[in-house]
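Only one structure is covered here, and it is reproduced in the block below.
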Amino acid sequence: MATRHKKIQGKIAKRGIFLLPNLFTTGALFAGFYAVVAAIDGNFQRAAIGIFVAMLMDGLDGRIARLTSTSSDFGKEYDSLSDMVSFGLAPALVMYQWGVGRISEYGWIWGKIGWLATFFFAVAAGLRLARFNTSVSGSDRYFVGLPSPSAAGLVGSSIWVGTELALDGLIALAGGLAITVLAGALMISNFQYLSFKKLTLSERIPFAYVVLIPLVFILIAADPPIVLFALFLVYALSGPLVYFWRARQETPVDTAE
């Protein structure tokens with residue numbers, strides 16, 4: 001009887017969860033939730049910052065889990081659910097609060113388009129995460145489709161730029177919705193994106209990188225919304241640009257006269 005009791009206690013102990021990585025995952029979930037609440041209150045700058053905080057927390061939880069050997073199936077599932085909220089629903093709802101309400105003033109059709117654009121982004125994020133979770137093989141160098149945190153960063157930074165510059169009018173609002181659709185479409189595309197998984201803190205890097213890294217931080221500090229938007233836009237467009245450049249390089253040239 002005592003032996004059986006010890007086995008049951010052992011099984012219960014093994015079902016426990018690791019605190020540290022899941023603490024960061026909870027922080028990412030909180031930041032995504034805060035972004036939605038801030039958008040509802042009309043604080044779109046804080047909402048955008050909340051999305052970026054969620055990205056930071058999401059990047060830390062996986063690395064900490066690997067460094068401390070505390071990876072688990074529970075952590076992976078929890079992280080995926082957190083990503084759906086922070087990088088799927090939160091950006092879509094923040095964009096809805098920022099743009100759809102105002103663009104509907106230009107006609108009911110614009111309101112419908114805005115509603116569908118933000119819903120499309122949320123669905124694309126769910127499909128992107130499901131494909132990533134069920135992929136049995138893949139490269140550590142590339143992601144297939146734009147990662148959902150990067151798509152959320154693109155949408156969040158566009159809202160931040162629009163808020164800082166007080167952009168309004170049909171063209172500005174339609175541009176925000178177009179970026180949302182573009183980010184959603186790139187998430188479910190087959191374009192390859194650099195994953196940066198090979199970058200580790202223990203590896204040697206060229207001296208030029210030591211100068212480049214603080215330069216990037218200086219640029220971001222100079223004008224966070226503009227610089228972040230430019231960085232995420234370049235990364236989002238890198239997938240299709242590299243694909244078409246490679247396709248052009250592989251196309252045989254007709255030399256017949």
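Being a predicted model, the structure only gives us computed values, none of them experimental. Both backbone and side-chain heavy atoms feed into the values below; hydrogens, waters and symmetry mates do not.
Using a 4.5 Å heavy-atom threshold, the side chains of Leu186 and Pro240 count as touching. Leu233 has its side chain within reach of Leu154: a pair of non-hydrogen atoms, C-beta onward, lies under 4.5 Å apart. Under the 4.5 Å side-chain criterion, counting only non-hydrogen atoms from C-beta, Gln192 is not in contact with Phe143. Counting heavy atoms from C-beta on, the side chains of Tyr235 and Leu146 come closer than 4.5 Å. Within the 4.5 Å cutoff, the side chain of Tyr193 has no heavy atoms near those of the Ser150 side chain.
Panel note: side chain Ser86, backbone Ala28; a donor-acceptor pair is recorded below 3.5 Å.
Across all their heavy atoms, Gly184 and Phe121 have their closest contact at N-CD1, 3.9 Å. The minimum heavy-atom distance between Pro91 and Ile51, with the atom names listed, is CA-CD1, 4.0 Å. Ser158 approaches Ile179 most closely through the heavy-atom pair CB-CD1, 4.0 Å. The two residues Ser148 and Met187 have their closest heavy-atom pair at CA-SD, 3.7 Å. Closest approach of Gly75 to Asn22, counting heavy atoms only: CA-OD1, 3.6 Å. Here the closest non-hydrogen pair linking Ala31 and Ala54 is CB-N, 3.6 Å.
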For Val37 and Asn43, what are the C-alpha separation, side-chain angles and deciding distance, and is it a side-chain contact (heavy atoms from CB on, under 4.5 Å)? CA-CA 9 Å; Val37 174; Asn43 298 320; over 6 Å; no

Can you check side-chain contact (heavy atoms from CB on, under 4.5 Å) on Trp160 and Phe229, steps first, answer last? CA-CA 9 Å; Trp160 196 354; Phe229 175 71; over 6 Å; no

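Between the side chains of Ser80 and Asn133, at least one donor-acceptor pair of N or O atoms lies under 3.5 Å.
Taken together through direct or relayed side-chain contacts under 4.5 Å among Ile, Leu, Val, Met, Phe, Trp and Tyr, Met55 and Leu228 form part of one hydrophobic cluster. When hydrophobic clusters are built by joining Ile, Leu, Val, Met, Phe, Trp and Tyr residues whose side-chain heavy atoms come closer than 4.5 Å, directly or via intermediates, Leu116 is grouped together with Tyr96. A single hydrophobic cluster is seen to contain both Val94 and Leu182, as judged by linkage of ILVMFWY side chains at heavy-atom distances under 4.5 Å, directly or through other members. By the criterion of side-chain heavy atoms lying less than 4.5 angstrom apart, applied directly or through intervening Ile, Leu, Val, Met, Phe, Trp or Tyr residues, Leu231 is grouped together with Leu241 in one hydrophobic cluster. By the rule that hydrophobic residues join a cluster once side-chain heavy atoms approach within less than 4.5 Å of another member, Leu56 and Phe24 end up as members of one cluster.
Between Tyr243 and Phe191, the distance separating the two ring centers is shorter than 6.0 angstrom. In this structure, Phe52 has its ring center under 6.0 Å from that of Phe232.
The number of heavy atoms from other shown groups lying within 6.0 Å of CZ (Arg46) does not exceed 12. Environment of OH in Tyr78: crowded, with over 12 heavy atoms of neighbouring residues, nucleotides or ligands closer than 6.0 Å. For CD1 of Ile109, the number of neighbouring non-hydrogen atoms (other residues, nucleotides, ligands) closer than 6.0 Å is greater than 12.
With values rounded to the nearest 0.5 angstrom, Met84 atom CE is found 12.5 Å from Leu29 atom CG. Annotation: the span from Leu167 atom CG to Ile159 atom CD1 amounts to 12.0 Å, rounded to 0.5 Å. Rounding to the nearest 0.5 Å gives a distance of 6.0 Å between CE of Met95 and CG of Leu177. Within the model, atoms CD1 of Ile113 and CZ of Phe120 stand 14.5 Å from one another, a figure rounded to the nearest 0.5 Å. Distance check: Thr25 OG1 to Asp79 CG gives 5.0 Å after rounding to the nearest 0.5 Å. Here Leu81 contributes atom CG and Lys76 contributes atom NZ; the two are 14.5 Å apart, rounded to the nearest 0.5 Å.
A side chain to side chain contact (heavy atoms under 4.5 Å, CB included) with Trp110 is found for one member of Val100, Leu170, Leu173 and no other, namely Leu170.
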